[in-house]
Amino acid sequence: MERFDGNFTQQEPIPEAGIEAALSVLRHGRLHRYNTAAGEIAETALLEEEFAAYTGAKYCLAVASGGYAMGCALRAMGVRSGEPVLTNAFTLAPVPGAIAAVGARPVFVETTDNLTIDFGHLEEMARKTRATVLMLSHMRGHLADMEALIALCDRLGVRVIEDCAHTMGAAWNGVASGRFGKIACYSTQTYKHMNSGEGGFLTTDDPELAARAVLLSGSYMLYPRHRAAPIPEVFDRIRLDVPNVSGRMDNLRAAILRPQIALLDDRRQRWNALYRVMEQGLEGTNGLQLTQRPAAETYVASSFQFMLPNWEQARVRAFVAGCASRGVELKWFGAPDPVAFTSRYEHWRYADPQPLPQTDRVLAGLIDMRLPLTFSPEDAALIARIIRSEVLRVGQAEDLNVEAVPLAD
Ligand SMILES: *Cc1c(COP(=O)(O)O)cnc(C)c1O
């Protein structure tokens, strides 16, 4: 029996240019973004300028995490305590967490079979709750029809914040993900498309939202040092009205990140090459369903999803355990209890309970896998062979004696 012995959580090292730049920041000691020598431009300010140029956004703010960017976006939009905020039922815990952190109430929207937000349910929940903000999570990099979504939200009077944690470098009909909503939020946490350990960005074309975000992040009266922010006059009007909720990025992380922007497009190609090997290896496997990727979507396949439709819980559990015993670490969104990073909407008990039968059905059979760039195409082919053989073996097994086998992290 074939076995895989690679590490599903091992990312690539930081590029040498990033290591050199980080060492130089450590040597001069000016890590705080506003601590600059005469004539010096902070690494953080340069990073913001370069990331804005990469996405085409007018303004960019670098922050401490993707979760911070989302909370900051909600505050900048003036979301108040008790207000409903629409979001995907299929997303990661920091998304409803950011909504809860501003005292607002997450309102979950159903998931389609292709893992995107359900437009019919979005409209229904927007009307029912009168929510005016949608935190749209492009979970696992799956993009909804973005023109249709923005048209619908405009009609409903809903402003969109895009959670691009999994779509940095992705596009819909050639337009970069993050360029559709009023604000976009990105993460540079280790498992995302650029790695600074922790970190994030907020981008927008709206000068007032940008100025609010900069002030919120803790710019004191030093905002003129930003290079991807609006002119000082925009700040002057509001600088005493916006609270400081510190969440700045520092020059060390910025130094690590700057050389990675130029690598994003190459990383996308390498990720997608691994993805295609996985897809080809699993195509036509009885009992397994691949997700459909629309032609308009330019995705960045840093992870891989597939469905085991209508499998009973014990069978999915046996399958996941079987793959784990052969070195293939899978996550199951239908597991009754949250495991490591994987949880789902009913585990977030601070949110109002909501019946979401369609999402329940999708998540019950949804399997998810990291696809780190340290894997080769041969690794991906081997992983696909193992998954395929376990689907066929467990899919047909009569005895599912797996109670003692624990799920992998
Ligand atoms: C990682 C992630 C975030 C938040 O990013 P952090 O930088 O970890 O706070 C938001 N949304 C999704 C879908 C994520 O996977």
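Both counts, for ligands and for their atoms, begin at 1 and track the order of listing.
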Student: Is it the case that atom CZ in Arg349 sees more than 12 heavy atoms from other parts of the structure closer than 6.0 Å?
Tutor: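 Atom CZ in Arg349 is not packed in, count stays at 12 or less.
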Student: Short N/O distance, under 3.5 Å, between Ser137 and ligand 1?
Tutor: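 Checking ligand 1 against Ser137, no N or O pair falls under 3.5 Å apart.
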Student: Evaluate whether atom CZ of Arg130 has more than 12 neighbouring non-hydrogen atoms of other residues, nucleotides or ligands under 6.0 angstrom away.
Tutor: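 Atom CZ in Arg130 is not crowded, with 12 or fewer foreign heavy atoms closer than 6.0 Å.
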Student: Heavy-atom distances under 4.0 Å are what count here, so tell me which part of Thr188 touches ligand 1: side chain, backbone, both or neither.
Tutor: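 It is neither part, as no heavy atom is under 4.0 Å.
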Student: Would you find more than 12 non-hydrogen atoms of other residues, nucleotides or ligands less than 6.0 Å from Asp241 atom CG?
Tutor: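 Yes, because the 6.0 Å sphere around CG of Asp241 holds more than 12 heavy atoms from other groups.
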Student: Consider every N or O of Lys192 and every N or O of ligand 1, then say whether any pair is closer than 3.5 Å.
Tutor: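 Yes; at least one N/O pair falls below 3.5 Å.
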Student: More than 12 non-hydrogen atoms from neighbouring residues, nucleotides or ligands closer than 6.0 Å to CG on Asn310, yes or no?
Tutor: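 Counting neighbours around CG of Asn310, 12 or fewer heavy atoms of other residues, nucleotides or ligands fall under 6.0 Å, so no.
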Student: Among all the protein's non-hydrogen atoms, which is closest to atom 13 (C) of ligand 1, and how far away is it?
Tutor: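 Answer, as residue, atom name and distance: Asp163 OD2, 3.3 Å.
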Student: Within the structure, does His166 bring an N/O atom to less than 3.5 angstrom of an N/O atom in ligand 1?
Tutor: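 Yes: some nitrogen or oxygen of His166 is under 3.5 Å from one in ligand 1.
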Student: Hey, mind stepping through Met249 and Glu48 against side chain to side chain contact (heavy atoms under 4.5 Å, CB included) and telling me if it holds?
Tutor: CA-CA 10 Å; Met249 183 178 280; Glu48 290 167 342; over 6 Å; no
Student: By number and element, which atoms of ligand 1 are closer than 4.0 Å to a non-hydrogen atom of Ser187?
Tutor: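 With Ser187 as reference, the close atoms of ligand 1 come out as 5 (O), 6 (P), 7 (O).
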Student: With a 4.0 Å cut-off on heavy atoms, does Glu198 reach ligand 1?
Tutor: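 Contact absent.
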Student: Can you tell me how far CG of Asn195 sits from NE2 of His193, rounded to the nearest 0.5 angstrom?
Tutor: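 Reported to 0.5 Å precision, the distance equals 11.5 Å.
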Student: Enumerate the atoms of ligand 1 whose separation from the nearest heavy atom of Met70 is less than 4.0 angstrom.
Tutor: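 Answer, ordered by atom number: 10 (C).
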Student: Pairs of nitrogen or oxygen atoms closer than 3.5 Å, one from Thr91 and one from ligand 1: do any exist?
Tutor: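 Not met; the criterion fails.
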Student: Would you say ligand 1 has an N or O under 3.5 Å from any N or O of Gly66?
Tutor: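 By distance alone, the answer is yes.
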Student: Between Phe4 and Phe375, does the ring-ring contact (aromatic ring centres under 6.0 Å, His included) criterion hold? Intermediate values first, please.
Tutor: CA-CA 11 Å; Phe4 179 65; Phe375 287 2; 5.1 Å; yes
Student: What protein heavy atom sits nearest atom 8 (O) of ligand 1, and how far away is it?
Tutor: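 Going atom by atom, the protein heavy atom closest to atom 8 (O) of ligand 1 ends up being Gln189 NE2, 2.8 Å.
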Student: Considering only heavy atoms, does His138 approach ligand 1 within less than 4.0 Å through its side chain, its backbone, both, or neither?
Tutor: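 No part of His138 is near ligand 1 at this cut-off.
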Student: Got a salt bridge between Arg344 and Asp360, using NZ or NE/NH1/NH2 to carboxylate O under 4.0 Å?
Tutor: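 Here Arg344 does not pair with Asp360 in a salt bridge, since their nearest N and O are not under 4.0 Å apart.
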Student: Which atoms of ligand 1 have any heavy atom of Pro94 under 4.0 Å away?
Tutor: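 Taking each heavy atom of Pro94 in turn, ligand 1 has 3 (C), 4 (C) under 4.0 Å.
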Student: Working to the nearest 0.5 Å, report the span between OG of Ser137 and CZ of Phe90.
Tutor: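 Interatomic distance, Ser137 OG to Phe90 CZ, rounded to 0.5 Å: 8.5 Å.
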Student: Can you list the steps and then say if Gln358 with Thr111 is a side chain to side chain contact (heavy atoms under 4.5 Å, CB included)?
Tutor: CA-CA 7 Å; Gln358 185 176 312; Thr111 312; 5.7 Å; no
Student: So which of Cys164, Gly67, Ser65, Ala69 gets nearest to atom 4 (C) of ligand 1, if we judge by its closest heavy atom?
Tutor: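 Closest candidate by heavy-atom distance is Gly67.
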Student: Can Gly200 be said to touch ligand 1, with heavy atoms closer than 4.0 Å?
Tutor: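 Not so, Gly200 does not reach ligand 1.
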